[in-house]
Amino acid sequence: MDHFERAGLRFDVVDAGPTDGETVVLLHGFPQRPSCHDEVALRLNDAGLRTLAPAQRGYCAGARPRRRRDYRTSELTKDVLALLDAAGVERTHIVGHDWGAAPTWGMAAWHPDRTASITVLSTPHPLAMIDAFRGSNQALKSWYMLFFQLPLLPELVRPLLAKTLRDTGLPEEHVNANVSAMSEPGALTAAINWYRGLPFSIREPVGRIGVPTTYIWGRNDFALSRFAAERTATYVD
């Protein structure tokens with residue numbers, strides 16, 4: 001399959017590997033595209049696994065709703081369910097990086113019957129993140145999340161995107177691909193809307209996680225604190 005549809009939106013998908021193998025859904029973050037998982041997908045395919053890497057809402061021209069509430073976690077999670085239904089997959093492993101972790105946590109908490117396991121890179125459990133705001137310096141690390149709540153102004157920093165990505169050590173070819181994707185009409189606003197949807201997501205708490213979970217955090221992560229990372233274990237059985 002190369003796409004799926006939900007609620008009038010059309011999502012592009014990279015479907016690779018044996019169709020009869022166990023499935024792994026690969027969810028990208030900000031401001032990435034499914035291609036960020038290409039090298040990982042090749043290894044999983046060689047191991048006999050099917051990989052589905054969707055362009056998440058906001059990241060393809062056919063799926064860019066304009067309202068902030070359309071980017072809350074429950075909507076992102078329903079997108080993953082629609083992907084599984086379209087692909088004929090009953091249960092899947094899910095890998096979520098950065099913002100891709102939001103629907104990953106959502107699937108594990110709200111739809112464990114469809115989730116074989118999750119692997120989350122960087123982003124802690126949502127309740128652990130709230131705890132970190134109260135009990136650590138996470139609020140200082142997350143200043144940009146508040147900045148992204150503003151209308152219009154965050155879009156004006158697009159010229160700084162390439163330098164910001166380059167300064168993280170991201171290889172140049174990935175920097176160029178991400179910057180090019182964010183130059184599409186409406187793309188940057190749609191990507192930032194994931195942040196702007198946070199006030200709506202908070203009203204729909206993600207609960208405890210009962211499926212097998214791997215969580216990976218880097219000690220040099222400038223945006224997410226050790227407190228939030230370690231607190232995540234509190235919400236995973």
Side-chain angles (χ1 to χ4, degrees), residues 11-17 23-45 49-60 63 71 73 76-77 79-80 83-84 92-109 115-126 128-129 132 141-142 144-145 148 161 164-171 173-179 181-182 187 190-195 197-198 201 206 209 211-226 228-229 232 235-236:
F11 301 80
D12 299 329
V13 182
V14 179
D15 182 355
T23 302
V24 182
V25 171
L26 303 170
L27 301 177
H28 64 80
F30 172 89
Q32 300 170 319
R33 296 300 293 269
S35 58
C36 72
H37 291 297
D38 283 353
E39 294 181 31
V40 171
L42 283 174
R43 296 191 181 197
L44 295 173
N45 299 155
L49 298 166
R50 179 187 185 185
T51 54
L52 296 171
Q56 299 203 81
R57 69 171 49 208
Y59 289 86
C60 50
Y71 293 84
T73 301
L76 308 175
T77 302
D79 291 342
V80 178
L83 167 63
L84 298 184
T92 186
H93 304 279
I94 307 175
V95 177
H97 173 236
D98 185 64
W99 261 117
T104 302
W105 290 121
M107 284 293 298
T115 308
S117 75
I118 62 171
T119 299
V120 177
L121 303 139
S122 298
T123 304
H125 187 285
M129 190 70 168
K141 288 178 173 289
S142 298
Y144 63 94
M145 290 186 177
F148 281 162
L161 182 58
T164 301
L165 294 174
R166 198 172 288 118
D167 288 348
T168 68
L170 192 67
E173 64 270 22
H174 292 291
V175 171
N176 294 335
N178 291 337
V179 171
M182 289 297 99
I192 292 174
N193 277 345
W194 284 57
Y195 292 93
L198 274 170
S201 296
V206 173
I209 306 301
V211 304
T213 300
T214 299
Y215 176 66
I216 302 173
W217 173 80
R219 67 172 178 264
N220 294 322
D221 192 320
F222 70 91
L224 297 164
S225 66
R226 175 178 290 275
T232 292
Y235 298 101
V236 178

Nearest 0.5 Å, what's the CZ-CD distance between R33 and Q56? 11.5 Å

How many angstroms lie between atom CG of L161 and atom CZ of F30, to the nearest 0.5 angstrom? 6.5 Å

OG1-NE2 distance between T104 and H97, expressed to the nearest 0.5 angstrom: 11.0 Å

Treating S225 as the side-chain partner and A228 as the backbone partner, does any N or O pair qualify as donor plus acceptor under 3.5 Å? yes

Please report the closest heavy-atom contact between C60 and A55, naming both atoms and the distance. SG-O, 3.9 Å

Check M182 against A191 and note the closest heavy-atom contact, atom names and distance. SD-CB, 3.8 Å

Just by distance, do the side chain of W105 and the backbone of T73 share a donor-acceptor pair under 3.5 Å? no

Can you tell if the side chain of H93 reaches within under 4.5 Å of the side chain of T119, non-hydrogen atoms only? no

Any idea which heavy atoms bring L198 and W99 closest together, and the distance? CD2-CH2, 3.6 Å

Check: T23 main-chain N/O paired with T92 side-chain donor or acceptor under 3.5 Å: yes

CD of Q32 to CG of L170: how many Å apart, nearest 0.5 Å? 7.5 Å

Residue pair P54 / L26: nearest heavy atoms and the distance that separates them: CD-O, 3.3 Å

How long is the gap from OG1 on T123 to CG on D221, to the nearest 0.5 Å? 8.0 Å

Do L83 and F11 come close enough that some side-chain heavy atom pair is under 4.5 Å? no

Note: I118 and T115 closest approach over all heavy atoms is CG2-CG2, 3.6 Å

Backbone N or O of C36 within a donor-acceptor pair of the H174 side chain at under 3.5 Å? no

Side chain of Y215, backbone of S122: donor and acceptor closer than 3.5 Å? yes

Between A223 and K141 the two heavy atoms that sit nearest each other are O-CB, 3.6 Å

Any side-chain to backbone donor/acceptor pair from W194 onto G100? Under 3.5 Å, distance only. no

For the atom pair CD (E173) and CG (N178), what is the distance rounded to the nearest 0.5 Å? 10.5 Å

So, does R226 use its side chain to make a donor-acceptor pair with the main chain of R219 at under 3.5 Å? no

Side chain to side chain contact (heavy atoms under 4.5 Å, CB included), paired with M107, selected from I209, L27, L84, V25: L84

With distance as the sole test, does T51 use its side chain to make a donor-acceptor pair with the main-chain N or O of L49 at under 3.5 Å? no

Do H125 and T232 have side-chain atoms, one donor and one acceptor, less than 3.5 Å apart? no

Run Y71 and Y195 through side chain to side chain contact (heavy atoms under 4.5 Å, CB included) and show every step you take. CA-CA 8 Å; Y71 293 84; Y195 292 93; over 6 Å; no

